[in-house]
Amino acid sequence: MTYTFPDTPATAPVAPKTAYLIASGDLRESANVAGWPTQATMEADITRAFEALGWSIIRANGIDPETGHGFISSQRMGLEVFKTIPADAPLIVAEAVWQYSHHVLAGLRTHEGPILTVANFAGDWPGLVGLLGLNAGLTKMNKPYSTIWSVDFTDDWFAAGLAEWVETGTITHDDSHVRALPELPASPERDLGYALGDQLLRDKAIIGVFDEGCMGMYNAIFDDELLNKTGIYKERLSQSALYAEMLRVTDEEAAAVGAWLTEKGMTFRLGTDEATELTETQLQWQYKMYIAALRISDDFGLDAVGIQYQQGLKDLVPASDLAEGILNSTERPPVFSRDGKRELHAGRAFPHFNEADEGVAVDALVTDRVWTAMGMVPDNTLHDVRWGEEYDGQFVWVYEISGSVPASHLGGWQNAEGWRQDPVFFPAGGSTINGISKPGELVLSRVFIADDQLQVDIFRGSAIELPAEETERRKQATNPEWPIAHVVLHGVSRDQFMARHKANHVQMVYADDAQSADKALLAKAAMFERMGLIVNLIGDVAI
């Protein structure tokens with residue numbers, strides 16, 4: 001018999017001092033088109049920096065004449081582009097925008113040459129957010145890589161990092177701020193953490209995931225074999241079921257949520273143009289999502305819930321952020337069972353993990369239980385590590401998320417204002433919970449996968465108050481419709497954080513004061529340890 005064998009492509013040689021460059025993009029074409037000018041400028045800056053070292057850059061794919069951009073915009077496209085890249089070539093993944101990591105992970109997983117991820121450190125386009133997400137994915141799949149970032153790609157630190165990479169294939173960053181959790185001496189906080197950990201392992205918990213893999217975040221999907229060891233199990237749910245439940249919520253029930261928020265002092269910037277402005281119709285859908293999410297959580301006996309929204313619901317209903325932020329608030333509108341006989345989770349926040357990020361799910365569940373047991377407000381949220389600059393002699397991070405903060409972080413509902421989401425990313429609109437996070441002491445953390453194990457980095461920080469004009473400048477430099485937190489990390493520099501952090505997200509919770517924050521961090525670390533996670537202390541931590 002005659003068989004048809006596939007062709008085996010010839011291996012292309014790599015010219016000396018030559019690196020290939022790719023850019024993973026968004027799945028939303030509107031975002032790719034809007035972000036391309038910034039990406040093109042950054043790629044030109046990177047190319048000049050390599051040319052100064054005597055190296056040449058080859059872009060693995062050209063600019064598409066139909067779309068007008070050069071982003072890899074799907075997983076299939078990523079597979080095709082990688083066919084053109086020699087397997088052993090030095091490879092640069094350059095990111096000036098948010099990117100869907102799964103577009104390029106298949107090619108990166110099998111690439112044999114040195115990999116360098118590069119991002120702009122800027123506020124207007126979230127390249128550094130995309131970089132952190134991609135790095136976390138590479139870490140999860142145990143793929144070696146180097147990483148670097150710059151404001152303008154001309155500074156000496158960036159140039160030295162590139163020189164190290166072209167010479168050795170790696171870049172070494174300072175990790176002196178990281179240490180392992182030591183053996184914890186007996187204390188009320190340690191004993192509380194151990195007891196809560198034992199309870200979770202014994203009684204178990206369920207997190208409801210409305211579709212996994214939001215926005216290409218491979219790093220945010222936790223395998224059951226790792227998750228179940230901690231006592232946490234998944235209930236896999238479909239966003240179509242959430243939408244169907246929203247259709248069952250009455251207009252009167254939705255209106256009651258809006259009336260409650262108005263009575264508490266929240267205001268909304270309303271208009272009439274559905275395409276560009278926030279409308280009452282959009283708000284009604286968001287209120288229905290809040291009610292529907294709680295009712296489905298009640299149906300399945302969930303301990304926390306996560307809504308993907310992007311891409312699944314974005315073309316159907318307004319943004320999930322308002323519903324998510326209400327869920328994460330202890331003080332929130334009452335929701336009753338379908339028969340009206342039971343108030344659901346009365347007097348409690350119901351932990352929601354934004355963007356169905358399962359690292360956030362684990363953290364939110366633990367934080368809620370530790371803070372509640374210690375008598376503190378447990379409201380917690382993720383933030384994008386968005387950007388930052390020095391102010392008055394210290395580096396102040398801009399933490400922002402797309403609107404889903406608990407109102408307590410802003411000092412109450414009276415300090416929250418609803419703005420319409422950007423039509424480029426949210427075609428159906430919807431309100432944010434906009435405001436400025438109050439000054440206070442923070443415990444920050446991230447649960448992630450590295451070396452095939454669940455790990456957590458825990459660190460301390462402070463939310464500070466900046467002058468109104470500086471706050472406004474930072475909001476305008478990023479997303480003014482989103483809530484902002486001005487965060488100073490304790491004992492962690494900008495570059496130490498960027499080199500170490502294994503996620504685009506960070507979890508944030510307030511404590512009553514510095515002493516309470518230190519005690520709560522210890523109890524949280526103890527609970528994580530009891531659950532079997534590797535606990536890493538980051539920066540100045542009082543343990």
Any carboxylate oxygen within less than 4.0 angstrom of a Lys/Arg side-chain nitrogen, looking at [X] and [Y]?
| X | Y | answer |
| --- | --- | --- |
| D379 | R332 | no |
| R28 | D26 | yes |
| K502 | D457 | no |
| R530 | D198 | yes |
| D298 | R338 | no |

Compute the centroid of each ring, for F459 and then for H490, and state whether the two points are separated by less than 6.0 Å.
no
Greater than 12 external heavy atoms within 6.0 Å of [X]'s [atom1]:
| X | atom1 | answer |
| --- | --- | --- |
| R76 | CZ | no |
| Q453 | CD | yes |
| Q515 | CD | no |

Can you name the one residue among M289, H352, E355 that meets side chain to side chain contact (heavy atoms under 4.5 Å, CB included) with E324?
H352
Given the options L442, V447, L382, Q507 meets side chain to side chain contact (heavy atoms under 4.5 Å, CB included) only with L382
Pairing donors with acceptors under 3.5 angstrom, does anything connect the side chains of [X] and [Y]?
| X | Y | result |
| --- | --- | --- |
| Y194 | E529 | yes |
| E481 | N434 | no |
| S74 | Y100 | no |
| N328 | T381 | no |
| S176 | D174 | yes |

Fit a plane to each ring of [X] and [Y], take the angle between them on a 0 to 90° scale, and name the class: parallel (under 30°), tilted (30 to 60°) or perpendicular (over 60°).
| X | Y | answer |
| --- | --- | --- |
| F82 | H111 | perpendicular |
| Y243 | W285 | parallel |
| Y510 | H409 | perpendicular |
| Y399 | W397 | tilted |

Any donor-acceptor pair under 3.5 Å linking the side chain of [X] with the backbone of [Y]?
| X | Y | result |
| --- | --- | --- |
| K143 | L138 | no |
| D303 | I206 | yes |
| Q239 | Y309 | yes |
| T230 | L227 | yes |
| S238 | S240 | yes |
| N219 | A503 | no |
| H173 | T147 | yes |
| Q308 | D211 | yes |
| Q421 | S402 | yes |
| D513 | A517 | no |

If you apply the rule salt bridge (charged side-chain N to carboxylate O under 4.0 Å, His left out), what do you find for K519 with D512, and how did you get there?
CA-CA 11 Å; K519 290 181 176 181; D512 292 344; over 6 Å; no
In Å and rounded to the nearest 0.5 Å, what is the NE2 to CD1 distance from H102 to I221?
9.5 Å
To the nearest 0.5 angstrom, please state how far the CZ atom of R474 sits from the NE2 atom of H486.
6.5 Å
